[in-house]
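Reading through the structure tokens given below for one structure.
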Amino acid sequence: MVELVASGLKREAQVFEVASNLATIPEIVAGSVTSYAGGKFGQDPVRVGTAVRARGLTPNIHLTCVNQDRVSIQKTLRLMRALGMLNVFAITGDWPAGSNTTPVFDLESVQLVDLIATLRAEEQIPFHVSVAISPFKYTREDALYQYLKLEKKIAAGANMAITQVGWDSRKFAELKRYLDERGLDIPLMGNVYVLAQRAAERMATGSPPGCWAPPKLVSDIQKESTAPDKGKGARLERAANTVAVLKGLGYAGAYIGGTHQADDIRWIINRARELEPQWEECAAQVQYGDPDGFYLDSAPARKATRTFLPVVLDAAGKTMPMPWSKNPADTAGRRAMRSLFSWIDGTPPLRNAFERLEYWGKRAVFGCEECGNCVLGSMEYVCPQTCPKQMRNGPCGGTLHGRCEVVEQECIWVGVYQRAEAAARVPELKRFIPAPDRHLVGTSSWINFFLDRDSRPGHPKPLDASTAPEDPGRHLRKPERKPFVPKTERAPA
Ligand code: SF4
């Protein structure tokens, strides 16, 4: 599969010409049409995909959550069905570059896969869903959560996984082994990015989000760029080596990016075929990771220690029927709480006072944003609203060494994983957390919980206009919240 970057800068006609050329290469099964690549507005991927298909190439349409809410995403999916385009690459998407762009992020990737799988089942639309996975994470929690989240995507209905860009055979092998050991039989496509000097230097700083070029790779490419062909031969050879390694490891295919030249792609494929018998030697040529970073096969056992807050809240959850108690039984205590909260809910001054009390208490402790659908108990008491993209099922792929893609903070999922590990509850993190009912923003999540109004694990609400944001993006723009100021520059990693 070849990535077709439908960027705003590139004339659509150029992309169509590329598609026509790629359609003549029998080994290419599809063109993957990007949307919001690197956080930048691009051409409409559905429109581009339609034209790509008219030129004989099957499109795989990137569908992101950046600027569409649940209703709009379903419209796009129905449009795709009407146009006969059924291959979807379901991703959360990068935070938009430029401070004037207001994103939506109503859903995230796991919820998006769930939504597509529901349409597939209920309306018999045979969507084929690919999802993203980044094995190229070199800090413990970041790496382990990526794998765990892939398991959630598979459980939600993903058909295929495509890796993030990376040049580390050991990590490609790690991902394959992780899935094989768990009996997760999903085709894998390995990303083969033809990396030139300028892009390598940008990726050295973690830009675009989730793409990291290690120092050794950058310096090798800089040296190669002094050759008369400006390093082109070396980078195509590296790409061919990577394709051979993927074949040897048992990947279903390669996802080639970084070039739109049909001749280059043809060369890579032919050269990879020659290299296949010695793929293990090729693996030594594609070994650009972090030698001191986290690898599953050499990770030392860790004894994590529990911290004060989760211990106290666990104890409170056991003694009281609180939302985080995870006890679904209809106990006498719960019935009493339901009566109490019904009465509070029916008495507006009391309800308003209670909402304020809950909000300010939880804001001080958890950074609560009053989403109205509290899932603290499913996220080790870390509030999902403290993540700029409001992810509820695990980190996005944009982290760099455990740091957030959007703001200067540690990724909130590092803390979630550490707490779960300390409490021996990592398997519980695999539980699907549905999208919140956005109509409940600003209301008491405790009242909503006891009156069964909220959307939470085990009690999902429909993804339609009745739960969609009334004002897309409002949940990202609460007045009390300090606005997220996207990073403009990162220091070299
Ligand atoms: S109610 Fe929502 S915003 Fe508040 S702590 Fe719970 S999950 Fe976070």
Side-chain angles (χ1 to χ4, degrees), residues 69-70 104-108 110-111 307-310 312-314 316-317 320-326 337 341 344-345 351-396 404 406-407 409-417 419-420 425 428-429 431-461 467-471 473-484:
D69 69 10
R70 59 197 74 188
V104 174
F105 290 114
D106 174 30
L107 306 180
E108 33 87 320
V110 184
Q111 294 158 353
T307 48
F308 177 74
L309 188 67
V312 170
L313 291 170
D314 277 356
M320 291 189 287
M322 297 310 290
W324 60 77
S325 66
K326 297 174 193 159
M337 294 289 262
F341 282 117
I344 293 176
D345 190 51
R351 184 181 64 218
N352 291 342
F354 186 81
E355 275 168 6
R356 292 299 87 201
L357 193 71
E358 177 187 336
Y359 171 58
W360 287 112
K362 282 162 72 180
R363 179 152 189 89
V365 182
F366 308 108
C368 177
E369 294 276 354
E370 233 179 354
C371 75
N373 302 258
C374 200
V375 289
L376 283 172
S378 303
M379 287 184 51
E380 295 292 335
Y381 312 112
V382 174
C383 171
Q385 306 294 115
T386 56
C387 161
K389 292 183 185 172
Q390 308 202 346
M391 314 284 293
R392 291 193 170 213
N393 284 287
C396 69
C404 177
V406 185
V407 288
Q409 66 179 32
E410 184 176 70
C411 171
I412 67 159
W413 295 95
V414 171
V416 175
Y417 199 93
R419 286 182 178 184
R425 289 199 284 242
E428 290 180 30
L429 298 180
R431 193 157 190 219
F432 174 65
I433 303 184
D437 176 347
R438 301 282 182 198
H439 284 218
L440 297 179
V441 172
T443 62
S444 159
S445 72
W446 291 352
I447 295 178
N448 296 334
F449 171 77
F450 283 105
L451 302 188
D452 262 345
R453 286 177 184 152
D454 59 342
S455 188
R456 61 177 183 275
H459 189 257
K461 294 191 70 179
T467 55
E470 290 163 53
D471 168 15
R474 178 186 157 204
H475 53 287
L476 299 176
R477 296 194 304 265
K478 290 205 43 87
E480 305 88 329
R481 156 179 271 180
K482 276 195 287 168
F484 286 123

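Computed from heavy atoms alone, side chains included, the values below leave out hydrogens, waters and symmetry copies. Atoms within each ligand, like the ligands themselves, are counted from 1 in listed order.
- Nearest non-hydrogen protein atom to atom 7 (S) of ligand 1 is Pro384 CD, 3.5 Å.
- Annotation: Phe341 is in aromatic contact with Phe354 [ring centroid separation under 6.0 Å].
- Remark: the Ser445 side chain and the Glu358 side chain contain an N/O donor-acceptor pair separated by less than 3.5 Å.
- Here the heavy atom of the protein found nearest to atom 4 (Fe) of ligand 1 is Cys368 SG, 2.3 Å.
- Between Asp314 and Arg425, at least one side-chain nitrogen of the basic residue sits less than 4.0 Å from a carboxylate oxygen of the acidic one, meeting the salt-bridge criterion.
- Among the atoms of Cys383, no N, O or S atom is found under 2.8 Å from atom 6 (Fe) of ligand 1.
- Looking at His439, its side chain does come within 3.5 Å of a backbone N or O of Ala468 through a donor-acceptor pair.
- Of the protein's non-hydrogen atoms, Cys374 SG, 2.4 Å is the one closest to atom 6 (Fe) of ligand 1.
- In the vicinity of Glu369, heavy-atom distances shorter than 4.0 Å reach the ligand 1 atoms 3 (S), 4 (Fe).
- At the top of the distance list for atom 1 (S) of ligand 1, counting protein heavy atoms only, stands Lys362 NZ, 3.5 Å.
- Phe366 places none of its side-chain heavy atoms less than 4.5 Å from the side chain of Val382.
- Residue Cys371: no N/O/S atom is found under 2.8 Å from atom 8 (Fe) of ligand 1.
- The backbone N or O of Val110 lies less than 3.5 Å from a partner atom in the side chain of Glu108, making a donor-acceptor pair.
- Residue-ligand proximity, Glu370 to ligand 1, at heavy-atom distances under 4.0 Å covers atoms 3 (S), 4 (Fe).
- For the 3.5 Å distance criterion, the side chains of Thr467 and Arg438 fail to qualify, holding no donor opposite an acceptor.
- For ligand 1, the atoms closer than 4.0 angstrom to any heavy atom of Val375 are 7 (S).
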